[in-house]
Novice: 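The structure that follows is given in the form of structure tokens.
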Amino acid sequence: DLKEFTDSLILTRGSRHEDWDTLGFQAKAGDQFKRAQIRYVGSGATGNHENDNRTIGSRGFTFSNMLLPPGAEGPEHTHHDAEEAFFVLEGEVEVGVHRDGQVEKRTLGYRDMIVVPAGVPRSLKNNGDKDALFCVIIGAQKPQIPTYPETSAMHGVTRD
């Protein structure tokens, strides 16, 4: 029935929740890596959330929101299989693009976006005094788990 089908395609803000645990393992490298994922489509590269019945299954990309508290950061990491886009909804996010031991940083604000190609290391940080909320889109149905280069605080940290 078209009504039920249409309803199955819609996800509301009220049905979302902040998942602080999915990236909780990263706090082993420091409290600044605590942040929440709010999933909509697929499970991203953060783990196996395929049984999360609050999301729409991915057919070709993942979509989530990330809540980054003041001072929090997403460590330098690389998605080798897919591009990743960040679109800022609230606050400001400093993004870093890394190459050959160098990093180029830009601060993105409301409705600013960056698209980082597959294979290019990137990092995030909230240097502001209020939460930053941004969309994360990864261009793969089930992205591979990212890698953390030796220059990343997460290098050698495992999910166990």
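Below, each value reflects all heavy atoms present in this structure, side chains not excepted, and no hydrogens, waters or symmetry copies.
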Novice: Report yes if some heavy atom in the side chain of Ser123 is under 4.5 Å from a heavy atom in the side chain of Val95; otherwise report no.
Specialist: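 When only atoms from C-beta onward are counted, Val95 and Ser123 do not touch, as no gap falls below 4.5 Å.
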
Novice: Starting at CD of Glu18, measure out to CG of Leu133 and round the result to the nearest 0.5 Å.
Specialist: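 Reported value, rounded in 0.5 Å steps: 8.5 Å.
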
Novice: Looking at side-chain heavy atoms only, is the closest gap between Thr22 and Trp20 below 4.5 Å?
Specialist: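 Answer no - side chains too far apart.
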
Novice: Linking I/L/V/M/F/W/Y whenever their side-chain heavy atoms sit closer than 4.5 Å, directly or via other members, would Phe33 and Tyr148 fall into one cluster?
Specialist: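 They do not share one cluster, since no chain of ILVMFWY contacts under 4.5 Å joins Phe33 to Tyr148.
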
Novice: For His77, what residues pass the ring-ring contact (aromatic ring centres under 6.0 Å, His included) criterion, not counting sequence neighbours?
Specialist: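 ring-ring contact (aromatic ring centres under 6.0 Å, His included) list for His77, sorted by chain: His79.
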
Novice: Is there a path from Val120 to Ile137 through hydrophobic residues (I, L, V, M, F, W, Y) whose side chains come within less than 4.5 Å of each other?
Specialist: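 Per the 4.5 Å side-chain linkage, Val120 and Ile137 are not co-clustered.
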
Novice: Taking all heavy atoms of Leu108 and all of Met113, pick out the closest pair and write down the distance.
Specialist: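 Heavy atoms only, the tightest pair is CD1-C, 4.1 Å.
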
Novice: Asn127 vs Glu92, test: side-chain contact (heavy atoms from CB on, under 4.5 Å). Steps then yes/no.
Specialist: CA-CA 8 Å; Asn127 290 320; Glu92 292 185 340; over 6 Å; no

Novice: Given side-chain contact (heavy atoms from CB on, under 4.5 Å), test Tyr110 with Glu90 step by step and report yes or no.
Specialist: CA-CA 6 Å; Tyr110 175 63; Glu90 298 174 6; over 6 Å; no

Novice: Looking at Glu83, I'd like to know if its CD atom is crowded, meaning that more than 12 non-hydrogen atoms belonging to other residues, nucleotides or ligands lie closer than 6.0 Å.
Specialist: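 For Glu83, atom CD is not crowded (no more than 12 foreign heavy atoms under 6.0 Å).
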
Novice: For a 4.5 angstrom cut-off between non-hydrogen side-chain atoms, does Leu124 reach Phe134?
Specialist: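 A side-chain contact under 4.5 Å exists here.
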
Novice: Please find the pair of heavy atoms, one from Ala29 and one from Val157, that lie closest to each other, and give the distance.
Specialist: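 Closest heavy-atom pair between Ala29 and Val157: CB-CG2, 4.2 Å.
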
Novice: Can you tell me if Asp7 has over 12 outside heavy atoms packed within less than 6.0 Å of its CG?
Specialist: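 Yes, because the 6.0 Å sphere around CG of Asp7 holds more than 12 heavy atoms from other groups.
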
Novice: Is there a path of hydrophobic side-chain contacts, each under 4.5 Å between heavy atoms, that joins Ile56 and Met66?
Specialist: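 No, Ile56 does not connect to Met66 through the hydrophobic network.
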
Novice: Please name the residue in the list Arg35, Gln32, Glu73 that meets the side-chain hydrogen bond (donor to acceptor under 3.5 Å, both in side chains) test with Gln26.
Specialist: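 Of Arg35, Gln32, Glu73, side-chain hydrogen bond (donor to acceptor under 3.5 Å, both in side chains) with Gln26 is met by Arg35 alone.
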
Novice: Report yes if the side chains of Asn65 and Arg16 come closer than 4.5 Å at any heavy-atom pair, otherwise no.
Specialist: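 Of all side-chain heavy-atom pairs linking Arg16 with Asn65, none is under 4.5 Å.
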
Novice: Any link between Tyr40 and Leu23 through a network of hydrophobic side chains (Ile, Leu, Val, Met, Phe, Trp, Tyr) touching at under 4.5 Å?
Specialist: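 Shared cluster, no.
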
Novice: Is the NZ atom of Lys28 crowded by more than 12 outside heavy atoms at less than 6.0 Å?
Specialist: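 More than 12 within 6.0 Å, yes.
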
Novice: Testing Pro146, Pro149, Pro75 for side chain to side chain contact (heavy atoms under 4.5 Å, CB included) with Met154, which one passes?
Specialist: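 Among Pro146, Pro149, Pro75, the one that satisfies the side chain to side chain contact (heavy atoms under 4.5 Å, CB included) with Met154 is Pro75.
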
Novice: For residues Lys34 and Pro69, determine if any side-chain heavy atom of one lies less than 4.5 Å from a side-chain heavy atom of the other.
Specialist: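 Heavy-atom side-chain distance check fails, nothing below 4.5 Å.
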
Novice: Which heavy atom of Glu84 sits nearest to which heavy atom of Val136, and what is that distance?
Specialist: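 Residues Glu84 and Val136, closest heavy atoms: OE2-CG1, 3.4 Å.
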
Novice: Starting from the C-alpha separation in whole Å, work towards a yes-or-no answer on side-chain contact (heavy atoms from CB on, under 4.5 Å) for Val93 and Ile114.
Specialist: CA-CA 11 Å; Val93 177; Ile114 185 171; over 6 Å; no

Novice: Starting from Val41, can I reach Val115 by hopping between I/L/V/M/F/W/Y residues whose side chains sit under 4.5 Å apart?
Specialist: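 Both belong to a single hydrophobic cluster.
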
Novice: Can you name the nearest heavy-atom pair linking Pro143 to Ala140, along with the distance?
Specialist: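 That would be CD-O, 3.7 Å.
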
